[in-house]
Undergrad: 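Below you'll find the structure I mean.
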Number of protein chains: 2
Amino acid sequence: MLNELSDNTEHKILEAAKTVFIKEGMKGARMQEIATEAGINKSLLHYYFRTKEKLFAAVFQFAFKAFIPKIDEILGPGLSLHERFSRFANAYTEILIDNPFIPLFVLHEINRHPEIIYKLVQQVGTKPKLLEEIITDEIKKGVIKPVDPKQVIINMISLCVFPIIARPIILPLIFEDDQKKYRKFLEDRKTEIADFIFNSIKVQ
Amino acid sequence: MLNELSDNTEHKILEAAKTVFIKEGMKGARMQEIATEAGINKSLLHYYFRTKEKLFAAVFQFAFKAFIPKIDEILGPGLSLHERFSRFANAYTEILIDNPFIPLFVLHEINRHPEIIYKLVQQVGTKPKLLEEIITDEIKKGVIKPVDPKQVIINMISLCVFPIIARPIILPLIFEDDQKKYRKFLEDRKTEIADFIFNSIKVQ
DNA sequence: ATTACCTTTGACCATATGGTTAAATTAAAT
DNA sequence: ATTTAATTTAACCATATGGTCAAAGGTAAT
């Protein structure tokens, strides 16, 4: 039972740390707040994770993985480009709706310490080149115009991520604080984004 | 000369505060660091701006204004929709290239305190409705397909902002840390974004 | 029951940090 | 020159915060 208990506490701590760090950022987060959120005291927190840095590193790694989509999984084999765009936008938008604070958290921290990305990129093992090749092939096949694949990829991710991280501005400024409208808007995007991109680059 | 000197010091403080706050965020910024950056001591900083909050408020207001484009100015009268998209993407991208850390700063802080937006929105006086009307009109004229104007507007802003704030991820992951390629990529977008959007929604 | 080990707690420490204050300095006005 | 007001500085203060430590509690093995 020893291990079960410890796992339990460690798990509680990690969940609490996610909540607090992702909301407040590294500098904004307080160890006491994390302890309280986890229902334990500060000493125990330091017993499990010696320092704030170590705890942060654990949370950041989790967040980074959640933010960088595992493209290869989403882009299953034997699909048309439009279908692939559609699946990507759909899956990624859903991830982001469920974890709306992760992108900003990751971007904010990575801006403060751009170096940390190098360790993470390997661990995550995402392959943007894969998507790039798919797009290049479709150009050769004459399905889409000769566009820069990098532009298309960044467009796709931009269109998925930004509406989520800009919610506190978009909601009052565009949707007059009507959460339902905003929610519907995001829901629509699951299909709109793929159509939008495909329409733009397809050969008519 | 009294006023000139004080203006000068106040100006130095504000510039220093912009640098530090925008880079480190409200919680990450240190009053001492701002003072040092401004070439003065901490007491003088508190003499000009009683509290960290007051200084932050000044910086945040500036940053918010820089982040929210004054749409009406960019969208001069008597232009085609494509021309308007083009001008917007061009002008906004340039602003963002010159102030690459502002969007993330604003979004991060506004996420921590979503309320603050209400005071700012009035002061800035941006009118997204204006662009919405323009798009609606073009739909009626049959220039573009019957799309949701809100989707188009958010797409435009997403495509401009995200590639800037995601630079620390994009640069290593997509451009193998080649800054020139990234820079060229942004430069291309000044025209690419408008073409991209217009192609997608125009009636062929 | 005793040993040994893991977990949890409360009291405590050192330092960083936002902020204050009184005195010194400077500049303008009389 | 003297007064007056604004500006600048150095020394301090109170508090928050990350982190430590020794003791207590609990659990399983002998």
Side-chain angles (χ1 to χ4, degrees), chain A residues 1-63 105 108-109 111-113 116, chain B residues 1-63 105 108-109 112-113 115-116:
Chain A
M1 305 299 100
L2 241 154
N3 231 334
E4 226 170 79
L5 259 178
S6 90
D7 278 359
N8 207 345
T9 303
E10 193 173 328
H11 186 252
K12 279 193 313 190
I13 290 176
L14 276 172
E15 286 306 307
K18 278 182 203 171
T19 306
V20 176
F21 271 126
I22 289 172
K23 189 172 148 211
E24 309 285 346
M26 165 67 175
K27 284 282 184 175
R30 297 288 92 117
M31 291 300 268
Q32 181 57 62
E33 196 184 343
I34 295 172
T36 304
E37 175 85 21
I40 59 172
N41 72 11
K42 202 156 56 88
S43 304
L44 193 53
L45 194 56
H46 283 282
Y47 174 74
Y48 277 87
F49 295 84
R50 199 173 300 280
T51 66
K52 190 182 184 183
E53 275 70 29
K54 290 218 195 325
L55 185 53
F56 173 79
V59 172
F60 188 80
Q61 182 165 339
F62 159 84
F105 167 69
H108 181 247
E109 300 301 338
N111 248 287
R112 290 172 43 90
H113 303 287
I116 56 179
Chain B
M1 301 301 104
L2 241 153
N3 231 335
E4 226 170 79
L5 260 178
S6 88
D7 278 358
N8 205 346
T9 303
E10 192 174 329
H11 185 253
K12 278 193 311 186
I13 290 175
L14 275 173
E15 286 305 309
K18 276 183 206 171
T19 305
V20 177
F21 271 126
I22 289 172
K23 190 173 147 211
E24 308 285 347
M26 165 66 175
K27 284 281 186 175
R30 297 289 93 115
M31 292 300 269
Q32 181 56 61
E33 196 184 345
I34 295 172
T36 304
E37 174 86 21
I40 59 173
N41 73 12
K42 202 156 57 89
S43 303
L44 193 52
L45 194 57
H46 283 283
Y47 174 74
Y48 276 88
F49 293 86
R50 199 174 301 281
T51 67
K52 189 182 183 183
E53 276 70 28
K54 289 218 195 327
L55 185 54
F56 173 78
V59 172
F60 189 80
Q61 183 165 337
F62 158 84
F105 168 68
H108 181 246
E109 300 301 338
R112 292 171 43 89
H113 303 288
E115 334 82 49
I116 58 180

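In what follows, every chain begins at residue 1, and chains take the letters A, B, ... in the order their sequences are listed.
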Undergrad: Identify, between S43(A) and R30(A), the residue whose nearest nucleotide on DNA chain D lies closer to the 5' end.
TA: R30(A)
Undergrad: Under the side chain to side chain contact (heavy atoms under 4.5 Å, CB included) test, which residues partner E37(A), sequence neighbours left out?
TA: A16(A), T19(A), V20(A)
Undergrad: With heavy atoms under 4.0 Å as the rule, sort A29(A) into base, sugar-phosphate or nothing.
TA: sugar-phosphate
Undergrad: Can you confirm whether R30(A) sits close enough to K52(A) that some side-chain heavy atom of one is under 4.5 Å from a side-chain heavy atom of the other?
TA: yes
Undergrad: Rounded to whole Å, how long is the line connecting atom CD1 of I34(B) with atom P of dG18(C)?
TA: 8 Å
Undergrad: Does K42(B) contact dG18(C) through a side-chain donor or acceptor facing the base, at a distance under 3.5 Å?
TA: yes
Undergrad: Take F21(A) and F56(A), measure what ring pair (Phe, Tyr, Trp, His ring centres under 6.0 Å) needs, and give me the verdict at the end.
TA: CA-CA 7 Å; F21(A) 271 126; F56(A) 173 79; 5.3 Å; yes
Undergrad: Tell me: CG of N41(A) to P of dT20(D), nearest whole Å?
TA: 15 Å
Undergrad: What's the closest nucleotide to the M31(B) side chain, out of dT7(D), dG18(C), dT7(C)?
TA: dG18(C)
Undergrad: Between atom CD1 in I13(B) and atom C1' in dT7(D), what is the gap in whole Å?
TA: 11 Å
Undergrad: Just how far, in rounded Å, is P of dT8(C) from CD1 of I40(A)?
TA: 8 Å
Undergrad: Can you measure L45(B) atom CG to dA10(D) atom C1' for me and round it to whole angstrom units?
TA: 16 Å
Undergrad: Select base, sugar-phosphate, or nothing to describe what E53(B) touches, counting heavy atoms under 4.0 Å on all strands.
TA: sugar-phosphate
Undergrad: Atom CG of L44(A) and atom C1' of dA11(C): how far apart are they, to the nearest Å?
TA: 16 Å
Undergrad: Does a salt bridge link K12(B) with E15(B), judged by any charged N lying under 4.0 Å from a carboxylate O?
TA: no
Undergrad: Within the structure, does a side-chain N or O atom of T9(B) lie under 4.0 Å from either OP1 or OP2 of dT8(D)?
TA: yes
Undergrad: Return the value, rounded to whole Å, for the distance between atom NZ of K12(A) and atom C1' of dT8(C).
TA: 11 Å
Undergrad: Between C1' on dT20(C) and NZ on K54(B), what's the gap in Å once rounded to a whole number?
TA: 15 Å
Undergrad: Are OP1 or OP2 of dT8(D) and a side-chain N or O of Y47(B) less than 4.0 angstrom apart?
TA: no
Undergrad: Compare all side-chain heavy atoms of H46(A) with those of M31(A) and state whether any distance is below 4.5 angstrom.
TA: yes
